[in-house]
Amino acid sequence: MINYILSALFIIFSNIIFENNLKGLWKSTDDNLVQYLRFNDDGSLTEIIENQTKDYRYKKSESFIEIELENGSSIESSFYIVSDTLTIQYFEDGKSVRNQYVRKKLAL
């Protein structure tokens with residue numbers, strides 16, 4: 001009985017930790033755009049849009065991501081992860097922009 005309870009607690013806590021993990025490959029849910037984001041543990045972010053690839057640096061703190069752009073400026077966005085869906089929100093020209101991405105698994 002105790003082994004069952006410990007196993008259940010382990011699964012619950014590992015799911016909580018996994019849900020907040022940005023690391024991995026994410027695909028945009030926008031049907032009109034082929035876009036992928038790849039977050040790495042070392043603070044690097046690769047954005048793939050159509051046939052173009054851009055590399056950035058990012059910092060994560062609690063529920064915010066700060067992305068350093070090519071021109072030296074940065075964008076701070078809030079984010080949250082529910083199950084396998086990442087939602088990133090930010091303001092652009094006074095309007096709220098919300099993008100969603102689904103976690104993708106790489107098959108090697």
Side-chain angles (χ1 to χ4, degrees):
M1 182 67 170
I2 292 178
N3 285 340
Y4 174 75
I5 293 171
L6 290 175
S7 297
L9 288 174
F10 176 75
I11 290 171
I12 291 169
F13 286 120
S14 65
N15 284 341
I16 291 170
I17 292 169
F18 181 72
E19 284 183 9
N20 290 324
N21 190 0
L22 278 176
K23 180 183 171 189
L25 183 65
W26 299 87
K27 182 184 184 304
S28 175
T29 59
D30 185 349
D31 292 333
N32 299 321
L33 178 67
V34 177
Q35 179 185 22
Y36 291 90
L37 299 176
R38 182 171 180 222
F39 290 92
N40 295 307
D41 281 338
D42 65 357
S44 63
L45 165 63
T46 303
E47 177 184 41
I48 303 164
I49 301 176
E50 302 292 331
N51 59 355
Q52 189 177 50
T53 302
K54 295 181 180 181
D55 293 312
Y56 304 101
R57 301 289 304 160
Y58 78 94
K59 296 177 188 173
K60 179 183 128 182
S61 62
E62 295 183 28
S63 60
F64 291 95
I65 304 170
E66 181 181 351
I67 300 172
E68 299 172 14
L69 301 177
E70 295 167 335
N71 63 4
S73 65
S74 64
I75 295 175
E76 185 171 86
S77 305
S78 64
F79 80 96
Y80 59 92
I81 300 171
V82 176
S83 187
D84 65 345
T85 303
L86 166 65
T87 302
I88 298 176
Q89 297 175 303
Y90 58 93
F91 285 94
E92 184 174 45
D93 298 328
K95 296 180 184 177
S96 177
V97 177
R98 183 176 150 209
N99 296 319
Q100 290 190 312
Y101 303 86
V102 176
R103 186 182 301 271
K104 292 299 198 180
K105 297 190 181 197
L106 295 176
L108 299 174

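Being a predicted model, the structure only gives us computed values, none of them experimental.
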Could you tell me which non-hydrogen atom of Ile81 sits nearest to which non-hydrogen atom of Ser83, and how far apart they are? CG2-O, 3.7 Å
Heavy-atom closest pair (Glu66 atom, Ser74 atom, distance to 0.1 Å) is OE2-OG, 3.3 Å
Do any pairs count as a salt bridge (charged side-chain N to carboxylate O under 4.0 Å, His left out) and have a residue in residues 76-96, sequence neighbours left out, and if so which ones? none
Rounded to the nearest 0.5 Å, what separates atom [atom1] in [X] from atom [atom2] in [Y]?
X      : Y      : atom1 : atom2 : answer
Arg98  : Ser78  : CZ    : OG    : 10.5 Å
Tyr101 : Phe39  : OH    : CZ    : 8.0 Å
Lys54  : Ile67  : NZ    : CD1   : 12.0 Å
Leu86  : Arg103 : CG    : CZ    : 8.5 Å
Leu37  : Asn99  : CG    : CG    : 8.5 Å
Phe79  : Leu22  : CZ    : CG    : 4.5 Å

Under the side-chain hydrogen bond (donor to acceptor under 3.5 Å, both in side chains) test, which residues partner [X], sequence neighbours left out?
X     : result
Ser44 : Asn40, Asp42
Ser63 : none
Ser96 : none
Tyr36 : none

So does Glu62 have more than 12 non-hydrogen atoms from other groups sitting under 6.0 Å from CD? no
May I have the list of side-chain donor-acceptor pairs in residues 27-34 shorter than 3.5 Å, sequence neighbours left out?
from, atom 1, to, atom 2, distance (Å)
Ser28, OG, Asp30, N, 3.1
Thr29, OG1, Gln100, O, 3.2
Asp30, OD1, Asn32, N, 2.9

Results of side chain to side chain contact (heavy atoms under 4.5 Å, CB included) for Ser73 - residues two or more places apart only: Leu69, Asn71
So, using salt bridge (charged side-chain N to carboxylate O under 4.0 Å, His left out) as the criterion, who are the partners of Lys23 when residues are at least two apart? Asp41
Are Val97 and Tyr58 joined in one hydrophobic group, where the rule is that I, L, V, M, F, W and Y side chains link up if heavy atoms are under 4.5 Å apart? yes
Under the rule for ring-ring contact (aromatic ring centres under 6.0 Å, His included), what residues qualify as partners of Tyr90, not counting sequence neighbours? none
Considering only heavy atoms from C-beta outward, does the side chain of Ile88 approach that of Trp26 to under 4.5 Å? no
